[in-house]
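Notes for the one structure printed next.
Counting starts at 1 for both ligands and their atoms, following the listed order.
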Amino acid sequence: MNVLVTGGAGYVGSVVVEILVREQFNVVVVDSLVEGHRAAVSGDIPFIKADIADRDVMKKTFAEHNIDAVIHMAGETLVSKSMTDPQDYFINNVSKGIELLEAMRESGVKRIIFSSTAALFGNPEFTPITEDHPTNPINAYGRSKLMFEQMLEWYHKAHSLNYVCLRYFNAAGATAEHGEHHPVETHLIPIVLQTALGQREHVDIFGTDYDTGDGTCIRDYIHVEDLAMAHVEALRRMDDMGPRKLNLGNGEGYSVKEVIEAAREITGRPIPVREADRRPGDPAVLVASSERTHRLLGLKPGYPEIRQIVEAAWKWHSRNPEGYKD
Ligand code: UFG
């Protein structure tokens with residue numbers, strides 16, 4: 001199968017590409033390199049530096065590589081930025097997303113796997129969150145992803161586009177080759193590990209008065225390789241499965257303090273912390289029920305423990321303290 005990955009030079013994208021190649025898919029990457037790194041994509045994989053809204057380039061690429069399916073991972077991803085710059089989320093995740101769907105429609109590409117998010121659930125009414133949980137985003141990021149999911153429903157009805165929305169919980173960890181390097185880092189695990197490496201003086205804990213065991217936010221961290229395998233299985237099964245929206249987490253929640261404690265044990269470094277105000281847009285708890293995903297995709301997490309995930313990330317960060325070199 002010939003698969004085009006948008007955002008394939010990003011953190012999750014680069015691992016998805018690595019695993020697709022390992023699993024014998026033919027892969028083409030399209031990335032604007034606004035956030036991604038050229039060095040995160042192996043030189044022998046066809047790479048096109050382009051914006052997904054460039055319909056001509058996208059159509060040309062679909063035709064040249066005889067593309068069967070798109071994995072759409074390009075877009076804005078930060079909850080905090082979406083609270084101050086919501087327009088970027090509606091432009092990049094919704095408006096440009098329509099351009100991509102139109103290029104697909106005009107080219108007859110009928111399959112899409114979409115990187116969606118747990119952020120579209122808002123503050124959960126129950127945990128673990130199942131696929132049937134109501135969607136009520138409390139940040140513009142979650143809203144923009146929900147809008148794209150809703151557009152997919154209409155493209156399915158009107159144009160028989162088949163889709164699988166994978167609602168990621170917190171992607172973390174690394175493979176030997178690919179890890180997490182954002183131009184401006186805001187994610188907990190890389191920040192904790194940069195502190196362990198001495199690149200930061202301390203970790204700010206955003207909020208210690210949440211209604212959770214230790215007062216800090218709880219998240220469901222899924223190893224990025226497990227997450228990538230879900231894309232592989234979704235591609236293999238989507239023709240039989242039909243359109244789906246699936247949660248993608250580990251089913252286990254860890255608080256900010258627990259993550260920091262795990263990192264202290266693994267790195268053997270003290271990792272100083274400072275208690276700070278809550279970060280706007282953060283739900284207190286996000287934990288997935290991945291029962292349906294595991295059943296439908298025949299998956300079992302390879303890295304169910306937070307220690308394994310932090311350990312994988314630590315190996316990558318200590319080997320690549322400055323991240324990618326571009
Ligand atoms: N946190 C801190 N200090 C930091 C950074 C983060 O306390 O320096 C806290 C956050 O407040 C949050 C938790 O650690 O409670 C996790 O924060 P991240 O920034 O690592 O991740 P988010 O939960 O905000 O968001 C991530 C992805 C989103 C995705 C979401 C789904 O960035 O794309 O997980 O759960 F939608």
Ser255 versus Asp214, side-chain donor and acceptor atoms under 3.5 Å:
yes
Co-members of Tyr324 in a cluster of I, L, V, M, F, W and Y side chains, linked at under 4.5 Å:
Trp316
Between Phe126 and His133, does the ring centre distance come in under 6.0 Å?
yes
Please check if the side chain of Lys145 supplies one atom and the backbone of Ser115 the other of a donor-acceptor pair under 3.5 Å.
yes
What ring-ring contact (aromatic ring centres under 6.0 Å, His included) pairs are there with at least one residue in residues 188-230, not counting sequence neighbours?
His223-Tyr303
Could you pull out the N/O contacts under 3.5 angstrom between ligand 1 and the surrounding protein atoms?
residue	atom	partner	partner atom	Å
ligand 1	3 (N)	Asp204	O	2.6
ligand 1	7 (O)	Asp204	O	3.4
ligand 1	7 (O)	Phe206	N	2.9
ligand 1	11 (O)	Asp282	OD2	2.6
ligand 1	17 (O)	Arg279	NH2	3.4
ligand 1	19 (O)	Thr186	O	3.4
ligand 1	19 (O)	Arg279	NH1	3.3
ligand 1	19 (O)	Arg279	NH2	3.0
ligand 1	20 (O)	Leu188	N	2.8
ligand 1	21 (O)	Asn170	ND2	3.2
ligand 1	23 (O)	Asn170	ND2	2.9
ligand 1	23 (O)	Arg219	NE	2.8
ligand 1	24 (O)	Arg279	NH2	2.7
ligand 1	32 (O)	His187	NE2	2.8
ligand 1	33 (O)	Thr77	O	2.9
ligand 1	33 (O)	Tyr141	OH	3.1
ligand 1	34 (O)	Asn170	OD1	3.1
ligand 1	34 (O)	Asn170	ND2	3.2
ligand 1	35 (O)	Asn170	OD1	2.6

Can you sort out the partners of Tyr168 under ring pair (Phe, Tyr, Trp, His ring centres under 6.0 Å), two or more places apart, ordered by chain and number?
His231
